[in-house]
Amino acid sequence: MMAGYDPSTIEPKWQAYWLENKTFRAIDGSDKPKYYILDMYPYPSGSGLHVGHPEGYTATDILARYRRHKGFNVLHPMGWDAFGLPAEQYAIKTGTHPRDTTISNVAVFKGQIQRLGFSYDWDREINTTDPSYYKWTQWIFLQMYRRDLAYLAEVPVNWCPGLGTVLANEEVIDGKSEVGGFPVYRKPMRQWMLRITAYADRLLDDLDSLDWPESIKEMQRNWIGRKRGAEVDFPVVGQPATVRVFTTRPDTLFGATFMVLAPEHPLVEAVTTPAQAAQVRQYQEMAARKSDLERTDLAKDKTGVFTGGFAINPVNDQQLPIWISDYVLMSYGTGAIMAVPGHDQRDWEFARKFDLPIVEVVQGGDISQAAFTEIDDGIMVNSGILDGLPVAQAIERITAWLEARGRGQAAVNYRLRDWLFSRQRYWGEPFPILYRQDGSTLAVPEEQLPVLLPETDSYKPSGTGESPLATIESWISFTDPGTGERFRRETHTMPQWAGSCWYYLRYIDPHNDQALCDPEKERYWMPVDLYVGGAEHAVLHLLYARFWHKVLYDIGVVSTPEPAMRLVNQGMILGYAYRCFTNDSASEILGKNQVRFENGLAKHPVTGETLLPRYLHIDQVRWKKVDEDDPESATVPMHPDLEEVELEEVVEKMSKSRGNVVNPDRIVSEYGADAFRLYEMYMGPLEQVKPWRTQGVLGMQRFLNRVYRLLMDEQGQRSPRVVEGEPGLPLARRLHRTIAKVSEDIEAMAFNTAIAALIELNNFLHKEQEIPRSVAEPFVLLLSPFAPHLAEELWQALGHDRTLAYEPWPCADESLLKEETVELPVQVNGKLRATLVVSISSSREEVIEQAVSLPNVAAYLEGKQIVKTIYVPQRILNFAVK
RNA sequence: GCCGGAGUGGCGAAAUAGGCAGACGCGCUGGACUCAAAAUCCAGUGGUGGCAACACCGUGUCGGUUCGAGUCCGACCUCCGGUACCA
């Protein structure tokens, strides 16, 4: 066998050791301080691990290992978010049970993760599709059901008769199914909703207590969208009904010139006159056929129909025509608005299109050109009792006026809507709910949980829009053995988010069949100290989990109001991609050098036609020197077959279609897991988006190789360079500065600079003849969170027979961190002219005296008058001269 | 449009509290070792000028504050992420 650093033997050896010895087992209720460090668990897809997953996992692993060295009892678990659509779609195609697909995908993921040497406590592994897990997901649902936080509502779904199934919003394009192009209709269906809106205020207010990225907190605030305003009632002319609207700007009531109802608004029928009925019905049908996406994104041009009805403006008794339009959404506010076209761009466009009056009520704009919307501190006009008032006072005055007369009141409105919790799918948690013959609902008794997913051969949709469970008659019908009463089971299943809302709690007590987790253990481990994952879950997963956690807090299951105190998002890892361009018919292939770019789009140089990018796999790219005769010439990427076609290099999200996916397995087998981990952390700050360059892994492998050769000889034994004894002062200083730097950087999650410090120390040690053990050992410990396999191997070679995982972290000696002398930059008028080595104890006068006699400084001071001397000890000396 | 983040060598990046811009790695160049190559080791590497000492320029753009600005302030440009008829 080849001597030298060989990760392919070292790494499996230590991985097996850690597993056998359960090295990373977390101890429930130990005397040590606890540290709960959590990764966002993955969906085990068929395509395996991606280089993006291990980025966050490596970061948390470094921290987990570091905390163990620092004497913490660390909980660092991993599991599988394994319900979901891909396994079900695969089942429909191949007939393979999603459970089998899940089992084999989990095995692949687990193998890949274990080969990276992460220090998870595998005894706590969880899987959301395990009945002993989803029993508790169902249990939590029941607690919500009991507290009226889960309720049934008629909610439209994207129903596709052509496919006989319900589609997700992203599966619908232009009102047609993505697959097959069949028409899609909005069909109301009775579905479960979770009353997250009941927690809106707490979800919003408690954000302030969290150490989370400001951007995520801001996204959640926007998502919740709490707005203060007023609800105002507009009586309908000739009807007992009133139209209630929500507005953030009651001050503009005098500017209202018409009303608009959402097409689905319940009052539409009542206000519509017979003459308008046909038109109104036609418009309603058209709106019903559009998906939400179309109604918002695509329909920029205002459409609508007059109902024939009128409402009375409560502030001035003016009659306002009532229209319907799909720019008003039934799901926000009251589903109806007062239109103030002078000061709202949407209303302005609508008024222009249908020739409705536009009135100015806040001074300052030109409402003949556009709505004047910068009206936060304007002065009211044309507004009766409000004339001359500033906006803020007008809002108060009119709200009080409305309240006094019972025509409206101050109100708070949220953008957040209740959570649609039903899916018409097989591969999800069944609801623990029964329907009586009369259609009323009943909870499955808790002792009968879990409600198991039934076995079936067919995962195909039922054809009615119900889930495949609806076709399994033997499962659906249920007769109470005592009373003989007959029930039917709920056939919808829960969405993929469900299991993720509480998984961090199950790690605490993963095998408990009496409770979702033991209260004592919960109090010990919670809250999560650090949660790391991708920013794509900024809103939904993190908001839903906070919601469930607060529900569990209210019923006394958990002891903290929030699940995770600190959150960090790792930035996405991108890949270099190379592309040329083709026209629609693909008859021509053009390079970057042959096309024109306009607004980021490639255009044909002659026809001006917009060209489509065509990606080439990175391995196919031919590199060509710009100047063949110049050895230093830059190289450019070229098409492999076409001589003159230069490729465009772009950095983009990794995807199969772009040919820029990097497979971690390949990197690990070629360079080793330690080098892979090191590179992922060395690329740049964790939170930042950054491109992958496989060359960089090679640099890390070289570093590890140099560390190995520093301490080991050619036979794989401890090098004779390693000696007993103490280091000299310069080496001791180096070591302790590195200890301080690496410790600080790990705490700050600045792993890239911590690694740079380790490389520097290694480079320095290579110049030494002898490496004292008292230097080698701390060095190996400092390296161990980053490159644990190599560190264990070196630790063993240094004569230890146990893992280094719980060895105390080296402590920096403060007295060795300060140098006796410092190199001081000397400036004249802010420009560096020389440097001066001075003792840190030198006085200002001594330093200045030495500095002015430096030749280059003297030259710049010659014939000038010093007007000011700035001296910051140990930092800078600057002479301002005239 | 709105919200959030980022612009620094050929590339990834670093710079604690306003104090030597470019640590560290990749790449590249030269050299050593070698029959040769790989690996390894040594040296160099922001640009321009100069034999050199050194000088000038240089952190997206324009302006400001300061003895001194990558860092602070004002205006703008570009890119990335999120979100969007939310009344």
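Throughout, protein chains are lettered first and strands after them, A, B, ... in sequence-line order, and every chain is numbered starting at 1.
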Give a yes-or-no answer on whether the side chains of A:Asn222 and A:Arg415 include a donor-acceptor pair shorter than 3.5 Å.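 There is no such pair between these side chains.
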Regarding A:Thr303 and A:Tyr283, do their side chains bring together a donor and an acceptor under 3.5 Å, going by distance alone?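 Short answer, yes.
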How are the rings of [X] and [Y] set relative to one another: parallel (under 30°), tilted (30 to 60°) or perpendicular (over 60°)?
{"X": "A:His541", "Y": "A:His537", "answer": "perpendicular"}
{"X": "A:Trp419", "Y": "A:Tyr544", "answer": "parallel"}
{"X": "A:Phe354", "Y": "A:Trp323", "answer": "tilted"}

Whole angstroms only, please: what is the [atom1]-[atom2] distance between [X] and [N]?
{"X": "A:Phe751", "N": "B:rA23", "atom1": "CZ", "atom2": "P", "result": "23 Å"}
{"X": "A:Arg833", "N": "B:rA53", "atom1": "CZ", "atom2": "P", "result": "16 Å"}
{"X": "A:Leu854", "N": "B:rC20", "atom1": "CG", "atom2": "C1'", "result": "14 Å"}
{"X": "A:Tyr5", "N": "B:rU40", "atom1": "OH", "atom2": "C1'", "result": "17 Å"}
{"X": "A:Asn762", "N": "B:rU40", "atom1": "CG", "atom2": "P", "result": "13 Å"}
{"X": "A:Glu214", "N": "B:rA6", "atom1": "CD", "atom2": "P", "result": "13 Å"}
{"X": "A:Leu832", "N": "B:rC56", "atom1": "CG", "atom2": "P", "result": "11 Å"}
{"X": "A:Tyr679", "N": "B:rA13", "atom1": "OH", "atom2": "P", "result": "9 Å"}

By nearest atom, which of the nucleotides [options] is closest to the [X] side chain?
{"X": "A:Glu218", "options": "B:rC41, B:rC3, B:rG19", "result": "B:rC3"}
{"X": "A:Ile759", "options": "B:rC24, B:rA14, B:rU16", "result": "B:rC24"}
{"X": "A:Tyr327", "options": "B:rC20, B:rC85, B:rG4", "result": "B:rC85"}
{"X": "A:Lys868", "options": "B:rC67, B:rC11, B:rC24", "result": "B:rC67"}
{"X": "A:Ala880", "options": "B:rC67, B:rG12, B:rG19", "result": "B:rC67"}
{"X": "A:Pro825", "options": "B:rC20, B:rC85, B:rU40", "result": "B:rC20"}
{"X": "A:Met700", "options": "B:rG25, B:rC67, B:rA13", "result": "B:rG25"}
{"X": "A:Arg702", "options": "B:rC11, B:rA14, B:rC26", "result": "B:rC26"}

With a non-hydrogen cut-off below 4.0 angstrom, is [X] in contact with a base, only sugar-phosphate, or nothing?
{"X": "A:Asn763", "answer": "sugar-phosphate"}
{"X": "A:Asn878", "answer": "base"}
{"X": "A:Gly699", "answer": "sugar-phosphate"}
{"X": "A:Pro685", "answer": "sugar-phosphate"}
{"X": "A:Arg706", "answer": "sugar-phosphate"}
{"X": "A:Ile337", "answer": "base"}
{"X": "A:Tyr871", "answer": "nothing"}
{"X": "A:Gln688", "answer": "sugar-phosphate"}
{"X": "A:Asp347", "answer": "nothing"}
{"X": "A:Arg415", "answer": "base"}

Same-atom distance ([atom1]) from [N] to [M], integer angstrom:
{"N": "B:rG46", "M": "B:rC20", "atom1": "C1'", "answer": "16 Å"}
{"N": "B:rA69", "M": "B:rG64", "atom1": "P", "answer": "12 Å"}
{"N": "B:rC72", "M": "B:rC11", "atom1": "P", "answer": "24 Å"}
{"N": "B:rG25", "M": "B:rG31", "atom1": "C1'", "answer": "22 Å"}
{"N": "B:rU48", "M": "B:rA36", "atom1": "P", "answer": "35 Å"}
{"N": "B:rG50", "M": "B:rG60", "atom1": "C1'", "answer": "31 Å"}
{"N": "B:rA39", "M": "B:rC28", "atom1": "P", "answer": "11 Å"}
{"N": "B:rC33", "M": "B:rC42", "atom1": "P", "answer": "15 Å"}

Could you say whether A:Met219 or A:Thr248 is positioned toward the 5' end of RNA chain B, judged by the nucleotide with the nearest heavy atom to each?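 First, find each residue's nearest nucleotide; the 5'-ward one identifies A:Met219.
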Which residue, A:Val539 or A:Ala756, contacts RNA chain B at a nucleotide closer to its 5' end, judged by nearest heavy atom?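 In this pair, the answer is A:Ala756.
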Can you see if the side chain of [X] gets near the phosphate of [N] - specifically, an N or O under 4.0 Å from OP1 or OP2?
{"X": "A:Gln695", "N": "B:rG27", "result": "yes"}
{"X": "A:Arg693", "N": "B:rG25", "result": "no"}
{"X": "A:Tyr860", "N": "B:rA55", "result": "yes"}
{"X": "A:Lys831", "N": "B:rC57", "result": "yes"}
{"X": "A:Asn752", "N": "B:rA14", "result": "yes"}

Would you write the dot-bracket representation of RNA chain B, where each base gets (, ), [, ], | or . depending on whether it forms a Watson-Crick or G-U pair under 3.5 Å and with which partner? (((((((..(((......[....)))((((((.......))))))((((....))))..(((((..]....))))))))))))....
Would you mind checking if A:Lys690 and A:Glu680 are paired as a salt bridge, meaning a charged N to carboxylate O distance below 4.0 Å?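 Salt bridge between A:Glu680 and A:Lys690, a charged N being under 4.0 Å from a carboxylate O: no.
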Under 4.0 Å between a Lys/Arg side-chain N and an Asp/Glu carboxylate O for A:Asp347 and A:Lys302?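 No, A:Asp347 and A:Lys302 are not salt-bridged.
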Stacked cation flag A:Arg709 on A:Tyr5, 6.0 angstrom / 45 deg: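 No; the conditions do not both hold, so A:Arg709 does not lie above the ring face of A:Tyr5.
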Ring-face cation of A:Arg833 near A:Tyr860 (centre distance under 6.0 Å, axis angle within 45°):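 Output yes; distance and angle both within limits.
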Would you kindly check whether a donor in the side chain of A:Glu349 faces an acceptor in the base of B:rC85, or vice versa, at under 3.5 angstrom?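 It does not, because no donor-acceptor pair links the side chain of A:Glu349 to the base of B:rC85 below 3.5 Å.
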I want to verify the glycosidic state of B:rG44; is it syn or anti under the 90° rule?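 You should classify B:rG44 as anti.
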Within a 6.0 Å radius of atom CD on A:Glu814, are there more than 12 heavy atoms belonging to other residues, nucleotides or ligands?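 Counting other residues, nucleotides and ligands, CD of A:Glu814 stays at 12 neighbours or fewer.
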Given A:Arg658 and A:Val650, is the side chain to side chain contact (heavy atoms under 4.5 Å, CB included) satisfied, shown in steps? CA-CA 10 Å; A:Arg658 296 190 185 101; A:Val650 286; over 6 Å; no
